[in-house]
Amino acid sequence: MLRKILLGSASAVALALPAHAQDADPGVTQLDTVTTVGTRTPKSIFETLGSVSRVGPEEIERKIPSTFGDIVKELPNVSIGGGPRPMAQSFNIRGFGEDRTVLRFDGARSNFNAGHRGRLFADPDLIRSVEVLRGPGTTYGSGAIGGAVAAEFKNAEDFLDPGRTFGFRTKVALASANDEALQSYTAFGRHQGLQGLVSFTQRISSNVEAGPARLTGSDVNEANSEVPYSKEKSRSGLVKISYDLAPGSRIFFTYTTFNDRVFIPTNTETNFSNTDNPLVRRVTNEYLYIWGWNHKSRESDWVDLNARAYYNVIRIDERVVQGSASQRNRLDETDLTTWGLDVNNTSRFSAFEGQLKSATTYGIEWTYDDFDGRRNGGPRNGYPNANAFSTGLYVQEELTLWNQLILLGALRWDRFDYSAVGQPGYEKSKLSKTLGIGWRPFESLLIYGKYAEGFRAPNLATELYLAGPHFPGNVFVPNPNLRPETSKTLEAGLALQFRNVLSSGDRIWFKGAVFRSNVKDYIDFNLTATTFQAVNVPEARVSGAEGVAGYTSRYVFGSIAAGYLIGENITTGGALSSIPAQKLTATIGGRLPEWDLMAGFRLNVASDQNRVPSPIMGTIFGTPFIFQSFRQTSGYTTGDVFVSWVPSGKYISPLLRGLRLDAGIDNVWDKRYRTHLSIYPEAGINYKFALSYTLQFGGTN
């Protein structure tokens, strides 16, 4: 029923409704957009020596995302692992997934990774922007081998026009592929230097309906018309308060909570099994507290301070509701508590009438993680009680000469101290560095080269101290001798942007890069007849390229984003299982500013992925079997249409100001397809609709 309702609604909207010209175009971020994820200092994407993307507020609203991953999955060489089950999803950047990418919310680091239980516990309706760094982030420490993701929560300024002091927003959104319904309520206000926002969202959905089922072959997932156990019910809340102590000096507090209830297999990325992957009633709770201070001195260029202190609790309770007799009614509790501190300052100076400019960033990052796993109230070997102290010191120098030559250098020292009940301690330290050079012979051209190092310390729960029964006849074996993964990446890139090319005020841009990452001591798993243990692979390599190009003017816009990856286990000569298919996304659209209308079409193309590792064999009581096989994936082509209407009150009746309507149809051809990092098909044709209304009061406008 919902699918039919949305079909009529979305079709009518696509044909009839107007929408207003937005500040940012759908698809790919323009190069003059300012980000901080690349170097921890504000820089435009154009002048950043590296591959950086940003998805801003307008683009997030237009996407009508159901999951956090929906916000970024179209970026080049950025993929979402885990498939369409929301609680299974995690990032994959340049072929490095799970905790090989750093994830931060409002500057607070999220360290959760408990093995097939997902990492993305944030409702997209609360997210203001997402920035992605592709490639090692030396200044981010452990985990930033693939890159870093920095998300920012919404604040009162996102809703208030100049002069207004308080208001309310209500929003509803629907999606047909999983019968999803979203309700969102937000209140916001400001008084002198004080600003505040309170927001609540609720999202309820059914199982995801895939494209037409395929009745041939032995794969049960291809024969199903829907993705089993993908329904969910989640609630999220956000409180964000800030106070301006003085111009350029702001303190803030963020509190966010996330609650999700699902029925799902213990291993969320694969099928239910009565013997080794029972069905559980899973409840996920997260509570995140952040205290921050941003202070940029007006008297001295030597002080640009950013400080964050945070406390994060993630708890997952899993009660077995269907499984073997010994598993039934079993309760597993998985907790991670994190305390963290990140303080850095940037000192700037210039000399020789601005021909030399320097920005030196230096800081300290400290985290303490407390892992706690229980089974029926007692110890749980699969997620042992463990603690991790990590301390990082970093410094970065950005030097610009004659407004043409850019020199970048960064150094970070990390020390980590791990311990677990009944296991030997683990202490290591690591020094990582980055060197880069950029040349701007013209204002519109940047050529750069960069060498960057990254590393990842072993995961306490899923690698270092993993112990206990695995499957019948096989046990997990801890490996306290694991070495940290280290990566060395060479990257070369080019950026171009021009203005007033075809018409006054238009822009055309391109930025691309080629790279090669060599990873030593890559952590993988070794399966024998009786044991399963994390081990170091001497060397692996990921090579690739990525690029974005776009054009925008008053009435038309378009963009293309493409990524290419190839991964190899140098030791064995085999492929890496974490490498997604090559993909390309092309967007074209237009605006009618006088009607506040924007509409467009997006084409998504992925190639075949036939480079997969050989099957991993195991034995159960002497009988051989395939423990894990790696499927090849067929390429696909899908299309999406979208439309937005945001009356400004300038061209149409002022009474409509505050109304926003977004609609779209994803996978318009109802294509049955699967992304390479999942065994499940993605959603079929999906009609989406979102309507919000914002009221503002006080002051003048």
Side-chain angles (χ1 to χ4, degrees), residues 20-63 65 71-78 93 104 106-107 124 127-135 137 147-155 157-158 294 304 306 346 359 398 400 406 408 438 440 443-446 448 493-501 505-513 546-554 556-563 585-587 589 591 598 600 602 644 646:
H20 112 63
Q22 307 292 353
D23 297 332
D25 295 326
V28 179
T29 307
Q30 297 175 19
L31 297 191
D32 55 1
T33 301
V34 175
T35 75
T36 59
V37 71
T39 60
R40 286 184 177 258
T41 56
K43 298 183 76 69
S44 72
I45 291 178
F46 176 83
E47 61 184 348
T48 298
L49 304 187
S51 290
V52 176
S53 296
R54 180 179 186 271
V55 184
E58 290 295 327
E59 177 69 355
I60 293 175
E61 289 290 332
R62 273 192 296 269
K63 287 176 179 287
I71 298 175
V72 298
K73 65 181 182 182
E74 291 145 13
L75 299 177
N77 284 337
V78 177
I93 303 177
R104 296 161 66 96
D106 272 5
I127 301 297
R128 180 184 188 273
S129 66
V130 179
E131 299 179 7
V132 178
L133 168 66
R134 293 182 290 274
V149 179
E152 182 182 356
F153 290 112
K154 292 178 178 177
N155 54 56
E157 293 170 317
D158 296 322
N294 301 327
D304 188 352
N306 294 278
T346 300
E398 301 170 86
T400 303
I406 304 171
L408 173 68
R440 295 184 65 176
E443 188 69 24
S444 57
L445 171 65
L446 171 68
Y448 75 89
L494 172 72
L496 290 163
Q497 64 175 349
F498 302 97
R499 300 177 185 271
N500 305 314
V501 179
D506 71 350
R507 283 177 287 179
I508 186 170
W509 68 91
F510 166 81
K511 188 168 186 180
E546 58 209 14
V548 296
Y551 174 80
T552 183
S553 67
R554 177 172 171 82
V556 298
F557 58 87
S559 63
I560 296 177
T585 300
T587 303
R591 307 183 184 89
M598 172 182 282
R602 180 171 51 247
S644 294
V646 190

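Index from 1, following the sequence.
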Between atom [atom1] of [X] and atom [atom2] of [Y], what is the distance when rounded to the nearest 0.5 Å?
| X | Y | atom1 | atom2 | result |
| --- | --- | --- | --- | --- |
| Arg602 | Ser559 | CZ | OG | 9.0 Å |
| Phe510 | Ile560 | CZ | CD1 | 10.5 Å |
| Glu74 | Thr585 | CD | OG1 | 5.5 Å |
| Trp509 | Tyr551 | CH2 | OH | 10.0 Å |
| Leu408 | Lys43 | CG | NZ | 8.5 Å |

*asked:* Using the side chain to side chain contact (heavy atoms under 4.5 Å, CB included) definition, which of the options Lys511, Arg134, Glu546 pairs with Ser53?
replied: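 Looking at Lys511, Arg134, Glu546, the match for Ser53 under the side chain to side chain contact (heavy atoms under 4.5 Å, CB included) is Arg134.
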*Passing option when Leu446 is tested against Leu49, Leu494, Leu496 for side chain to side chain contact (heavy atoms under 4.5 Å, CB included)*: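 The option that passes is Leu49.
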If I compare all heavy atoms of [X] with all of [Y], which pair ends up nearest, and what's the gap?
| X | Y | result |
| --- | --- | --- |
| Asn500 | Gly505 | OD1-N, 2.6 Å |
| Val548 | Pro76 | CG1-CG, 3.8 Å |
| Ile406 | Glu47 | CD1-O, 4.3 Å |
| Asp506 | Ser553 | CB-CB, 3.7 Å |
| Ile60 | Ile127 | CD1-O, 3.8 Å |
| Gly56 | Ser129 | CA-CB, 4.3 Å |

*asked:* Does Val149 form a side-chain contact (heavy atoms from CB on, under 4.5 Å) with Val72? I'd like the steps, not just the answer.
replied: CA-CA 10 Å; Val149 179; Val72 298; 5.7 Å; no
*Are Glu61 and Lys154 close enough for a salt bridge, meaning some N to O gap below 4.0 Å?*
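Salt bridge present between Glu61 and Lys154.
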*Partner residues of Arg440 under the salt bridge (Lys or Arg N to Asp or Glu O under 4.0 Å) criterion, sequence neighbours left out*: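 Salt bridge (Lys or Arg N to Asp or Glu O under 4.0 Å) check on Arg440 returns Glu443.
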*Sequence neighbours excluded, which residues qualify as salt bridge (Lys or Arg N to Asp or Glu O under 4.0 Å) partners of Asp106?*
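Salt bridge (Lys or Arg N to Asp or Glu O under 4.0 Å) list for Asp106, sorted by chain: Lys240.
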*Check side chain to side chain donor-acceptor pair (under 3.5 Å) between Thr41 and all other residues, then give those that pass, not counting sequence neighbours.*
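Checked Thr41 against side chain to side chain donor-acceptor pair (under 3.5 Å); matches are Thr39, Glu398.
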*Decide yes or no on side-chain contact (heavy atoms from CB on, under 4.5 Å) for Tyr448 and Thr48, but give the supporting numbers first.*
CA-CA 9 Å; Tyr448 75 89; Thr48 298; over 6 Å; no
